[in-house]
Amino acid sequence: MNTIEQLKWRYATKKFNPTKKLSKAKINILIEAFNLTATSYGLQTLKLVVVEDKKLREPLVAPAYNQKQVLNASHLLVICIQDNIQSTDVIDYYNNIKHIRNTPETILKPYREDLVSMMQDMSVTERQQWSTNQAYIALGNLMTVCAIEGIDSCPMEGFIASEYDKLLKLNEKGLKSVLLLPVGYRADDDMFSTFKKVRKPIDEAVIIL
């Protein structure tokens, strides 16, 4: 498969075919891709909520400014951040490193203490913004994987996050929604699928030194 051709094939899908479903295997690829996303320090202060049930998605359309992709896509992916990163999150992370890599405590201790200190020096708002930056990395990664796998997607910032947090009970899980990615298959009559891509020439977008 030609990666560049697949990236040219993808577009922000405006109209999904509501009768076509992604297979469990395809969803699992997206889940694995999300979990493999690069994050700062590898801390993974993100969560992915996969919403398949259309009854759960129906009330999510209005707080997404009535964008029908939320309901008509095969699945709705909601990228969330932790509402507050705790020292225990950092400690658990380094314990996981120790378990998986058998890294000696003498090596891990200074890195763990530095990251705990860094997080403690941030305000809650700063920690949330730090996590949100990671969420955009995850979104880009998922969009690329979707393109390679022949899955249509539509990245969305336009929604009322507080309503999503309430409807999906994310606040009860210590999470805040920040980005949406409806995924599935484009409708045959989505006119946007035939539009030519509009991009700057490479020599205007890239500087090679």
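Note: hydrogens, waters and symmetry copies are ignored here, and every other heavy atom, side chains too, is used.
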From CA spacing to verdict: side chain to side chain contact (heavy atoms under 4.5 Å, CB included), W9, D152: CA-CA 9 Å; W9 168 85; D152 288 298; 3.5 Å; yes
Is [X] salt-bridged to [Y], going by a charged N under 4.0 Å from an acidic O?
X: K166; Y: E163; result: yes
X: R10; Y: E5; result: no
X: K21; Y: E52; result: yes
X: K15; Y: D189; result: yes

Looking at [X], I'd like to know if its [atom1] atom is crowded, meaning that more than 12 non-hydrogen atoms belonging to other residues, nucleotides or ligands lie closer than 6.0 Å.
X: D203; atom1: CG; answer: yes
X: Y93; atom1: OH; answer: yes
X: K169; atom1: NZ; answer: no

Distance-minimising heavy-atom pair for [X] and [Y]:
X: F16; Y: P182; result: CZ-O, 3.6 Å
X: L167; Y: P63; result: CD1-CG, 4.2 Å
X: L175; Y: K47; result: CD2-CG, 3.7 Å
X: K20; Y: S74; result: O-CB, 3.8 Å
X: L60; Y: Y164; result: O-OH, 2.7 Å

Apart from [X] itself, residues in the same hydrophobic cluster as defined by side-chain heavy atoms under 4.5 Å:
X: I91; value: none
X: V183; value: L22, I27, I29, L30, I31, F34, L46, L48, V50, L77, I79, I81, Y136, L139, L142, M143, V145, I151, V178, L179, L181, Y185
X: V124; value: none

Verdict with supporting geometry, I97 and Y94, side chain to side chain contact (heavy atoms under 4.5 Å, CB included): CA-CA 5 Å; I97 294 176; Y94 278 95; 3.8 Å; yes
Pair R127-N84, side-chain donor/acceptor within less than 3.5 Å: yes
Worked verdict on Q6 versus N2 for side-chain hydrogen bond (donor to acceptor under 3.5 Å, both in side chains): CA-CA 6 Å; Q6 287 305 112; N2 186 306; over 6 Å; no
Separation between NZ of K14 and CZ of F195, rounded to the nearest 0.5 Å: 10.5 Å
Y65 ring center near F159 ring center (under 6.0 Å): no
side-chain hydrogen bond (donor to acceptor under 3.5 Å, both in side chains) against T13, all qualifying residues, sequence neighbours excluded: none
Side chain to side chain donor-acceptor pair (under 3.5 Å) partners of residues 26-39, not counting sequence neighbours, each pair once: K26-E149, N35-Q44, T37-N141
Stepwise side chain to side chain contact (heavy atoms under 4.5 Å, CB included) test for V90 and R112: CA-CA 7 Å; V90 177; R112 181 177 59 238; 4.3 Å; yes
Residue pairs passing the salt bridge (Lys or Arg N to Asp or Glu O under 4.0 Å) test where at least one lies in residues 67-92, sequence neighbours excluded: none
